[in-house]
Amino acid sequence: MKDPDHGEKPSESGASAADRSEARTGAPRGGKGKRRRRKLSGSPSAIASGSGPSGEAGRPAALNEAEPSRKRKRRRRSKSARPQDQSAASGASAPALDAALSDKKGGQKRNRKARHRRGLQGRPLASAGNPTTSLRPGGRPGERPGDTARPRNGEAAAQQQARPERLGAPFVAPGEPPAPLYAALDLGTNNCRLLVAQPTRPGQFRVVDAFSRIVRLGEGLGASGRLSDDAMERSVEALKVCAAKLGARSIRRRRLIATEAARAAANGEAFMKRVAEETGLELEIIDRETEARLAVSGCSSLVDRETRSVVLFDIGGGSSEIAVIRIGENRSSRLANHITHWTSLPVGVVTLSERHGGEHVTPQSFEVMVREVEAMLAGFESPSVDALASGSYGDGFHLIGTSGTVTTLAGVHLDLPRYDRRRVDGLWLSDDEVSAMQARLLSWDFAARAANPCIGPDRADLVLAGCAILEAIRRRWPSSRMRVADRGLREGLLTDMMADDGAWRRGRPRRHQRSFGSAQAGEERVKRHEGTEA
């Protein structure tokens with residue numbers, strides 16, 4: 001075939017193909033295939049750069065025009081990826097050029113696989129044989145003498161932990177007063193619980209340490225009227241742990257209380273003296289009205305601004321406190337100031353389960369427990385639901401439950417593999433959801449309840465007694481929804497103490513939310529108090 005301008009069209013084989021291979025200076029192609037690299041002859045005709053209008057460096061113009069466009073595009077990509085080829089073709093010797101191309105071919109693959117081996121500022125790590133890189137004292141390999149030391153993430157954390165700080169108080173900026181710590185302890189019929197916290201935003205606080213242990217101080221109290229030796233021994237051991245935690249910190253103010261078990265037992269005062277002698281803790285036995293007010297104070301942040309009336313209940317181990325709250329238009333900073341009616345029932349999950357049996361509960365025995373609590377509520381004079389949910393107070397009425405019973409129902413409702421206070425506290429449950437959860441628990445035997453991670457063997461015999469008390473409250477004050485509160489007397493104690501001290505007054509510095517830096521203060525970090533509490 002004849003070309004009108006250049007004569008015979010070159011074929012893809014023979015001498016013409018060989019000339020083209022030599023003109024490409026042996027560089028590997030940018031496409032998928034590989035062509036055999038041939039040694040350059042070093043002749044001027046073989047490596048001369050074309051100067052015609054359509055010429056390409058190291059290639060005759062005729063071949064450039066005649067070659068298919070697909071191959072020319074691949075050659076351009078290969079050429080743009082290797083700008084050193086032009087300098088090699090313009091005067092380098094064949095052996096040096098061959099060695100350079102060989103290094104480039106192998107180094108290209110290594111660079112692709114080692115892109116993650118980048119040092120600071122995107123600099124590649126220097127090899128061990130690089131004479132221009134020296135290691136400064138205390139430096140790391142790959143740093144030049146003039147490099148500025150920049151700590152890595154782990155080193156920065158270690159430097160932050162090395163800051164000197166006082167044990168028991170969080171890190172604060174220089175010139176700021178130390179954040180005060182408050183402590184609240186609640187020795188109940190079933191649990192011994194401690195909270196150490198510091199005030200943050202108005203009406204809120206940050207938990208620094210928490211402790212909770214089931215002691216069953218009221219075990220056998222209903223039958224004998226006295227605290228048993230085993231129950232007192234378990235409680236003293238738990239209080240020793242609390243005393244050690246309190247002694248390790250500088251507490252600005254603390255309040256330690258005991259509730260129904262110590263209040264109702266004939267030997268309650270004697271037990272308080274024993275606690276003071278063996279642990280050094282002075283516990284105060286509070287009355288039922290104070291207990292009801294503290295339960296309301298602990299749940300203040302869970303009452304929305306739109307809410308006009310609430311029935312709040314705290315199902316404890318030996319007693320159950322119920323408070324009717326009517327907020328109206330003018331809301332006080334303390335929710336307890338809006339209590340219009342309250343009562344304390346002398347029944348809790350421990351006492352009720354001991355009377356009716358907590359392990360094997362049938363629908364019939366469950367109904368007997370509900371009716372017993374209903375009879376106690378019959379003597380309580382309080383506004384009806386119609387009065388609470390209508391009139392000048394609006395329709396913002398609902399229930400708030402703060403006890404291990406309602407938190408257990410919430411955990412079962414969410415199918416949690418492990419109890420999570422962050423997901424439970426403040427959760428809304430509809431009336432149908434509460435009924436479904438109670439029916440579900442009633443259908444389980446003792447082993448199934450004990451196997452549930454939100455109940456466990458320690459509460460498997462108490463949860464249905466709590467559900468019976470809850471059912472009696474729901475029948476007395478029907479509501480379309482109920483809010484779950486994983487909080488109680490400890491939170492109420494802390495809220496009252498901080499409010500009395502003016503810890504939330506405006507203008508007070510609030511830069512006390514930074515984490516602890518001392519390595520020994522690992523226990524001082526924020527701990528979320530998890531676990532259902534009766």
Side-chain angles (χ1 to χ4, degrees), residues 190-191 212 214 302 311-317 320 322 345 347-374 377 398-488 530-534:
N190 194 48
N191 279 39
S212 179
I214 295 177
L302 294 182
V311 171
L312 185 146
F313 58 90
D314 180 8
I315 303 175
S320 298
I322 303 172
L345 306 180
V347 63
V349 295
V350 176
T351 54
L352 193 62
S353 63
E354 287 182 350
R355 284 203 293 267
H356 297 274
E359 293 190 7
H360 306 287
V361 181
T362 63
Q364 293 75 20
S365 61
F366 180 80
E367 185 63 27
V368 171
M369 290 189 288
V370 174
R371 291 180 179 178
E372 179 179 338
V373 180
E374 281 185 309
L377 286 174
H398 62 84
L399 299 175
I400 293 182
T402 165
S403 67
T405 298
V406 292
T407 55
T408 297
L409 285 174
V412 175
H413 169 72
L414 296 174
D415 288 327
L416 297 179
R418 182 177 179 271
Y419 184 83
D420 187 352
R421 181 184 184 273
R422 294 168 295 181
R423 298 186 59 184
V424 169
D425 186 45
L427 179 70
W428 288 98
L429 292 176
S430 67
D431 186 66
D432 293 338
E433 290 172 339
V434 176
S435 300
M437 289 304 101
Q438 288 187 164
R440 184 179 178 185
L441 292 178
L442 191 57
S443 66
W444 292 351
D445 57 8
F446 178 81
R449 296 195 299 270
N452 187 276
C454 294
I455 302 176
D458 292 334
R459 302 179 186 276
D461 60 335
L462 305 177
V463 62
L464 288 178
C467 288
I469 300 174
L470 171 60
E471 180 62 22
I473 295 173
R474 293 173 62 218
R475 292 180 184 180
R476 174 65 185 272
W477 294 281
S479 176
S480 60
R481 56 179 184 159
M482 179 183 72
R483 195 164 199 185
V484 180
D486 188 353
R487 54 187 71 193
E530 298 180 352
T532 53
E533 300 173 0

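Basis for what follows: all heavy atoms, side chains included, without hydrogens, waters or symmetry-related copies. Along the sequence shown, the residues carry numbers beginning at 1.
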- Message: Any non-hydrogen side-chain atom of I214 less than 4.5 Å from a side-chain atom of R459?
- Response: yes
- L429 and M437, any side-chain heavy atoms less than 4.5 Å apart: no
- Nearest heavy-atom contact between A448 and D445 is N-OD1, 2.8 Å
- Item | Nearest-0.5 Å distance that lies between atom CG in L470 and atom CD in Q438 | 5.0 Å
- Message: Using a strict threshold of under 4.0 Å (side-chain N to carboxylate O), is an ion pair present between R371 and E374?
- Response: no
- Message: To the nearest 0.5 Å, what is the distance between OG on S403 and CD1 on I469?
- Response: 8.5 Å
- Considering only heavy atoms from C-beta outward, does the side chain of T405 approach that of V349 to under 4.5 Å? yes
- Message: I need the minimum non-hydrogen distance between A485 and T407, along with the two atoms involved.
- Response: O-CG2, 3.9 Å
- Item | Side-chain heavy-atom pair P478, D431 within 4.5 angstrom cut-off | no
- Query: Would you say W477 and I322 make side-chain contact, with heavy atoms under 4.5 Å?
  - Reply: yes
- Message: Please evaluate residues L302 and D425 with respect to the criterion side chain to side chain contact (heavy atoms under 4.5 Å, CB included), reporting the C-alpha separation (whole Å), side-chain torsions for both, the decisive distance (0.1 Å), and the verdict.
- Response: CA-CA 9 Å; L302 294 182; D425 186 45; 4.0 Å; yes
- Message: Is it the case that the side chain of T351 and the backbone of V347 share a donor-acceptor pair, with hydrogens and angles ignored and the cut-off at 3.5 Å?
- Response: no
- Query: Is there a donor-acceptor pair under 3.5 Å between the side chain of S365 and the backbone N or O of V361?
  - Reply: no
- Message: I'd like to know whether CZ of R423 has more than 12 heavy-atom contacts from other residues, nucleotides or ligands below 6.0 angstrom.
- Response: no
- Message: Show the nearest heavy-atom pair for residues T402 and D314, with the distance to one decimal.
- Response: O-OD1, 2.7 Å
- Axial cation check for W444 ring with R449, 6.0 Å and 45° limits: no
- Shortest non-hydrogen separation from D420 to L416 and the atoms involved: N-CD1, 3.8 Å
- Contact summary for F366 and A468, nearest pair of heavy atoms: CE1-N, 3.5 Å
- Item | Whether R483 side chain and G426 backbone form a donor-acceptor pair below 3.5 Å | yes
- Indicate yes or no: at least one non-hydrogen side-chain atom of R475 is less than 4.5 angstrom from one of V370. yes
- Query: Do T408 and N452 touch side chain to side chain, with heavy atoms closer than 4.5 Å?
  - Reply: no
- Taken to the nearest 0.5 Å, the spacing of H413 NE2 from S430 OG works out to 7.0 Å
- Message: Using modelled atom types and a 3.5 Å cut-off, is there a donor and acceptor pairing between side-chain atoms of R474 and backbone atoms of L399?
- Response: no
- To the nearest 0.5 angstrom, please state how far the CG atom of L464 sits from the NE2 atom of H356. 13.0 Å
- Non-hydrogen side-chain atoms of L441 and I455 separated by less than 4.5 Å: yes
- Message: Return the CD to CD distance between E367 and E471, rounded to the nearest 0.5 Å.
- Response: 7.5 Å
- Hey, could you give me the CG/SG distance between L352 and C467, rounded to the nearest 0.5 Å? 11.0 Å
- Query: Taking all non-hydrogen atoms of both residues, which atom of A410 and which atom of L427 are closest, and how far apart?
  - Reply: CB-CD2, 3.8 Å
